[in-house]
Amino acid sequence: MELKLFDNKVQETKYKVLREVAYQTWKGNDAFAEFNEIASEVIPKDEPPQTCCIYKDRAVVAERIRLALGGSRNNKNIVQVIKIACDECPEAGYVVTDLCRGCLAHSCKQACKRGAITTDEHQHATIDKSKCVECGKCAKECPYGAIHNFQRPCERSCKVGAISMGPGGEATIDEEKCISCGACVYQCPFGATVDVSSIVSIIKEIKKAEDNCEKGKMIAIVAPSIASQFLYASLGQVITGIKKLGFDEVLEVAVGAEMVAYKEGLELKEKGFLTSSCCPAFVKYIETKHPKMAEHISHNLSPMAELAKHVKEKKPDSVIVFIGPCIAKKAEVRKETVSPYVDYVMTFEELQALFDSRDILLKEQELTEWNQASYYGRMFARTGGLAAAVEQTLKELEIDDFEYKPVVCQGIDQCKMALLKATKGALDGNFIEGMACIGGCVGGSGNPARHEEAPREMREHIEDAENTSIMENVRKAINIY
C-alpha cells in the first residue's frame, strides 16, 4: 500500500509554498521578490484553478508567503486567518432545511420558548436568528429531522470558542481565547487558517553558521513522535537528512521527557495533586478557561524546554531548533521561561518542505544510529505515555507511601471534563495528563499525516529503546548535555 505524504490537498498546498520559500531563501533570494516564480510552481498556469480563478489562487499564495516569512507584525497570534482564502461560510447555528414538510403539528414552534420560529404561507418553519438562543429544542422535536445545527468547520474544530464570524463574514480568531492548538489549521477545508513559520530565520541561521565555520552551533532537538512521520524512509535516514540540512547535532527530546517525568514525580508526591505541563495548549487552556486550577499546573518546564535548558547551559552560543508535531510550541517558545533556551520551532510539515527544498531524498540516505532515550521517554508521544513515565519514576524512587491515581485525557473535551470534576472535588485521581490532540503528539496539527493511534513504526521506536530505567538515563543525560 502506498503511503500518503499529506492528509489532504490543503496541507499539500501549504507544503508547496513553504518548500518554494525555503528554496529561494537557500539561494539568498527574497521570497516576495520571487513571487512570480513561487506562484507559478504552486499554482501552475495550465492546471484548473483551485478557487474561482488563478488570480485569487495566487493572491492566496502571496498571503501564505507572508505567513511563511513570520506573518504580520501587527498580529502576534501563532494562528492567523487568510481572509481572502476564507469561504465565508454561512453563520453557524440551527437552520431549517429543505426537509421541512410544513406539517400541521409544528412541534418545533411549540418547543421554542423564545418565539424564534414562525411559519410562512406554505407552513414551512423559519428561525429568527435575533431571537434564537441555540438551545436545540426545536431540532429534538422535529419528527422529520429537518432542523440541523450547522457549524463552520473552523468553529466546530475549536473547542475553546476562539473562532467566530467577523464583520465581513470571514473567520476571526480571539487571541485571548486561542490556545494555538492548531485544530482549525488542520480542519479548515479552504486552508484559511494558517500557523506562522520561522523556516526563513532557521535557514538564515544555518547559512550564517556555515559561512562563519561555526561547527557545533546548530542543534536540532526532535520530538519522539517523529517516528510516526516520514514513514517512506527509516528513522535513521530521517536523522541523517536533518544533519544534511546543516544541523551539527540531533538530540532526542525524549531525554527531556525523562527529566520532566522525574521532576513531576517528586512534585506530585510533595503537592498531592498536579496537572501536567508538557502540552502548551493544555496549559494555556487551564490558564484561560479554568484559572482556579492554574495553581496546580506542574512548575516544571516541558520536555522541549527542559532538554534545551541543559544544552544551553553547556553551549550558551548554540542555536537550538525544536522539531516536532506541535503548532502550540511556537507559542510556548515566546514565553519568558522558555525563550532563553529554545530559539526556533519547526513542525514536521515544515521539515518535509526543507528536505525537498534541498533535494534531500531520505530513502537514499545512510542510517544514523539514534538511541539516546529510554522506553518511557519515547512513550511521551502517545496518550498515556507521560502518566506511565511518572508511575515508573515513583517506582524507581521507591516511593511506596503515595497512591498514584492518574487521569489520562486526550483532546480538549476530555481535558474539560477532568478539570471540571477536579474543580468540584469530584475527580477520582491526583494527576491529570492533558493532551490537546487526540492520540497525543502523534495526532499533532503540525504533522503531515495525523494519527489517532501510534503507527507500527512509532511502537517499534518505543520498544527499540535500549534503556528502560528513567533514573539511569536522567543521570547520563545530565552528564552529557
Side-chain angles (χ1 to χ4, degrees), residues 219-230 234-243 247-265 276-279 300-315 318 320-326 329 341-342 348 351 367-397 433 435 440-442 444 447 454-481:
I219 300 176
I221 58 173
V222 184
S225 58
I226 192 171
S228 70
Q229 303 298 310
F230 312 102
S234 69
L235 181 57
Q237 291 173 316
V238 178
I239 303 307
T240 302
I242 294 174
K243 289 186 174 182
F247 290 97
D248 301 291
E249 293 184 71
V250 183
L251 307 180
E252 284 198 62
V253 170
V255 175
E258 295 158 355
M259 298 174 179
V260 170
Y262 165 66
K263 290 185 176 182
E264 286 197 348
S276 61
S277 60
C278 297
C279 174
N300 291 294
L301 295 171
S302 67
M304 170 191 77
E306 186 69 31
L307 177 60
K309 179 183 177 182
H310 280 269
V311 174
K312 281 281 190 179
E313 286 173 351
K314 294 196 174 184
K315 299 180 179 180
S318 61
I320 296 182
V321 179
F322 170 78
I323 304 175
C326 184
K329 288 292 184 185
Y341 312 124
V342 185
F348 291 141
L351 179 60
L367 293 173
T368 293
E369 186 68 26
W370 204 56
N371 210 328
Q372 304 160 359
S374 75
Y375 170 90
Y376 291 98
R378 291 177 176 179
M379 275 279 287
F380 268 58
R382 299 168 56 179
T383 297
L386 166 58
V390 171
E391 181 177 18
Q392 177 65 18
T393 296
L394 295 173
K395 288 180 180 179
E396 291 184 20
L397 292 174
E433 177 201 297
M435 296 290 181
C441 298
V442 296
N447 287 327
R456 173 180 56 82
E457 289 82 357
M458 182 75 241
R459 298 195 297 270
E460 289 177 352
H461 177 58
I462 294 170
E463 294 166 0
D464 285 346
E466 294 179 353
N467 198 340
T468 57
S469 169
I470 292 177
M471 295 302 301
E472 181 180 337
N473 231 41
V474 167
R475 283 191 289 267
K476 183 177 73 172
I478 291 174
N479 292 329
I480 295 176
Y481 304 122

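Side-chain atoms of Ser302 and Lys329, non-hydrogen and from C-beta on, do get closer than 4.5 Å to each other. Put simply, the side chain of Ile242 reaches to within 4.5 Å of the side chain of Ile226, judged on heavy atoms. Proximity of Met471 to Tyr262: side-chain heavy atoms (C-beta onward) are separated by under 4.5 Å at one or more points. Taking 4.5 Å as the limit, every side-chain heavy atom of Met259 sits out of range of all side-chain heavy atoms of Pro303. Two residues are said to be in side-chain contact when any heavy atoms from C-beta on lie closer than 4.5 Å; Val250 and Lys243 meet this criterion. Between Arg378 and Asn371, some side-chain heavy-atom pair lies under the 4.5 Å cut-off. The closest side-chain heavy-atom distance from Ile462 to Tyr375 is below 4.5 Å.
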- Could you walk me through whether Leu307 and Tyr341 pass the side-chain contact (heavy atoms from CB on, under 4.5 Å) test, one step at a time? CA-CA 9 Å; Leu307 177 60; Tyr341 312 124; over 6 Å; no
- Intermediate values then yes/no, side-chain contact (heavy atoms from CB on, under 4.5 Å), Val474 and Thr393: CA-CA 11 Å; Val474 167; Thr393 296; over 6 Å; no
- Message: For Ser318 and Glu249: C-alpha separation, side-chain torsions, deciding distance, then whether side-chain contact (heavy atoms from CB on, under 4.5 Å) applies.
- Response: CA-CA 10 Å; Ser318 61; Glu249 293 184 71; over 6 Å; no
- Task: Quick one: do Gln237 and Leu367 satisfy side-chain contact (heavy atoms from CB on, under 4.5 Å)? Show the steps, please.
- Result: CA-CA 5 Å; Gln237 291 173 316; Leu367 293 173; 3.7 Å; yes
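To the nearest 0.5 Å, the span separating CG on Leu301 from NE2 on His310 amounts to 9.0 Å. Annotation: the span from Asn473 atom CG to Glu258 atom CD amounts to 4.0 Å, rounded to 0.5 Å.
Judged by distance alone, the side chain of Glu433 and the main-chain N or O of Leu386 form a donor-acceptor pair under 3.5 Å. In this structure, Gln392 contributes its side chain and Tyr376 its backbone to no donor-acceptor pair below 3.5 Å.
Checking Ser277 against Glu264 by side-chain atom types alone, a donor-acceptor pair falls below 3.5 Å.
Phe230 and Phe348 have perpendicular rings, their planes meeting at more than 60° on a 0 to 90° scale where under 30° would count as parallel.
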